[in-house]
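Data block below; observations after.
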Amino acid sequence: MLNLAGTLTDSIVDGPGLRFVVFAQGCSFDCPGCHNPQTHAFGAGVDRSPEDVFAEIRRSPLARGVTFSGGDPFFQAEAFAALAALLKEAGYEVAAYTGYTWETLLATGSAAQRDLIARLDILVDGRFEIAQRDLSLRFRGSANQRVIDVPASLAARKKTGSNEPVLCASRRWAG
Ligand code: SF4
């Protein structure tokens, strides 16, 4: 089951286009200046199955992309991976935010966390660092956070063994 702080239809601030946003409940990063402190407590949200959330997304006809935000979806990686699998099969672009870095998730992440990564198109990684806050950045709050092209990064890793991420070149995300 997912434990969610909420959902939002037709967002324009969590990625390009009109997006459906799924907010995970629970995050232990405790970044100073976090915009969603009400989502930090674990288990304080609403339990929903991936299938139930998927059905709600299907009833939102304008959404072409879905973003997992929070909280941090990587603390509920197994359930979010199940939702991502349903969404990818239906043709959605799937993005996620996390306080973990790409390198940490690949080097020490759980099997479920790596499974979730493998089902994403875009990952915006890293904690919100208030000292690096930059209001001009698109879809991220601080300059340390990166918009990562997940399929390209995994393909490069397979080829070279490097955990270095490939940053998203799409003007939709990074322009
Ligand atoms: S990782 Fe995200 S949700 Fe968690 S404390 Fe940092 S900014 Fe807030």
Side-chain angles (χ1 to χ4, degrees), residues 1-27 35-36 39 42-43 45-102 105-106 109-126 138-141 145-159 165-175:
M1 292 292 271
L2 295 151
N3 189 255
L4 300 183
T7 58
L8 181 65
T9 56
D10 302 342
S11 167
I12 55 166
V13 297
D14 300 286
L18 286 177
R19 303 185 74 85
F20 192 101
V21 188
V22 184
F23 293 95
Q25 178 69 40
C27 178
H35 277 199
N36 296 327
T39 65
F42 286 94
V46 176
D47 286 331
R48 295 183 61 185
S49 69
E51 292 76 13
D52 180 42
V53 177
F54 177 68
E56 184 188 346
I57 294 169
R58 297 296 276 171
R59 291 194 294 272
S60 182
L62 298 179
R64 290 289 171 272
V66 177
T67 299
F68 301 159
S69 186
D72 192 321
F74 279 80
F75 290 103
Q76 305 181 49
E78 192 174 341
F80 271 99
L83 176 57
L86 294 170
L87 292 166
K88 289 307 300 173
E89 204 173 307
Y92 290 90
E93 180 194 65
V94 183
Y97 285 84
T98 183
Y100 291 103
T101 63
W102 170 263
L105 284 170
L106 287 188
S110 67
Q113 288 174 329
R114 280 181 273 122
D115 186 37
L116 172 54
I117 282 182
R119 297 173 192 279
L120 297 175
D121 296 295
I122 299 289
L123 181 74
V124 184
D125 82 332
R138 214 163 181 218
F139 307 130
R140 56 204 169 109
Q145 296 172 314
R146 301 169 296 185
V147 180
I148 295 170
D149 181 330
V150 174
S153 299
L154 293 178
R157 184 176 192 246
K158 203 170 170 185
K159 208 168 162 186
V166 176
L167 301 189
C168 187
S170 159
R171 288 183 61 79
R172 291 175 64 241
W173 275 94

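The first residue of the sequence shown is numbered 1, and numbering continues consecutively from there.
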- Message: Any carboxylate oxygen within less than 4.0 angstrom of a Lys/Arg side-chain nitrogen, looking at Lys88 and Asp121?
- Response: yes

- Query: Is the shortest heavy-atom distance from the side chain of Ile117 to the side chain of Trp102 under 4.5 Å?
  - Reply: yes

- Query: For Phe74, does its backbone N or O pair with a side-chain atom of Gln113 as donor and acceptor, under 3.5 Å?
  - Reply: yes

- Message: I need the Leu83 CG to Tyr92 OH distance, nearest 0.5 Å.
- Response: 10.5 Å

- Query: Backbone N or O of Val166 within a donor-acceptor pair of the Ser153 side chain at under 3.5 Å?
  - Reply: yes

- Message: I'd like to know if the side chain of Arg114 reaches the main chain of Gly109, judged simply by a donor and an acceptor atom lying under 3.5 Å from each other, with no hydrogens or angles considered.
- Response: yes

- Message: Would you say the ring centers of Phe75 and Phe42 fall short of 6.0 Å from each other?
- Response: yes

- Message: Tell me if a side-chain donor or acceptor on Asn3 pairs with a main-chain N or O of Gly45 at a distance below 3.5 Å.
- Response: yes

- Item | Side-chain heavy-atom pair Ile57, Val66 within 4.5 angstrom cut-off | yes

- State, yes or no, whether a side-chain contact exists between Leu8 and Phe23 at a heavy-atom distance under 4.5 Å. yes

- Flag, side chain of Asn36 to backbone of Thr39, donor-acceptor distance under 3.5 Å: no

- Any side-chain donor paired with an acceptor under 3.5 Å for Asp125 and Thr98? no

- Salt bridge check: are Arg19 and Asp14 linked by an N-O gap of less than 4.0 Å? no

- Counting only heavy atoms not in Ile12, do more than 12 sit closer than 6.0 Å to its CD1 atom? no

- Is any side-chain heavy atom of Ile122 less than 4.5 Å from a side-chain heavy atom of Val150? no

- Ser60 side chain reached by Asp10 side chain, heavy atoms, under 4.5 Å: yes

- Message: Under 4.0 Å between a side-chain nitrogen and a carboxylate oxygen: does that hold for Arg119 and Glu89?
- Response: no

- Message: Quick one, Leu87 and Phe68 - any side-chain contact, counting heavy atoms below 4.5 Å?
- Response: yes

- Would you give the length of the straight line joining atom CG of Leu105 to atom CG of Leu123, rounded to the nearest 0.5 angstrom? 7.0 Å

- Do Tyr97 and Thr67 have side chains that get closer than 4.5 Å, going by heavy atoms? yes

- Query: What do the steps show when you test Arg48 against Thr7 for side chain to side chain contact (heavy atoms under 4.5 Å, CB included), and what is the final call?
  - Reply: CA-CA 11 Å; Arg48 295 183 61 185; Thr7 58; 3.9 Å; yes

- Over all atoms of both residues, closest heavy-atom pair of Ala95 and Leu120: C-CD2, 4.3 Å

- Task: Taking the side chain as every heavy atom from C-beta outward, state whether Arg58 and Phe20 have any atom pair closer than 4.5 Å.
- Result: no

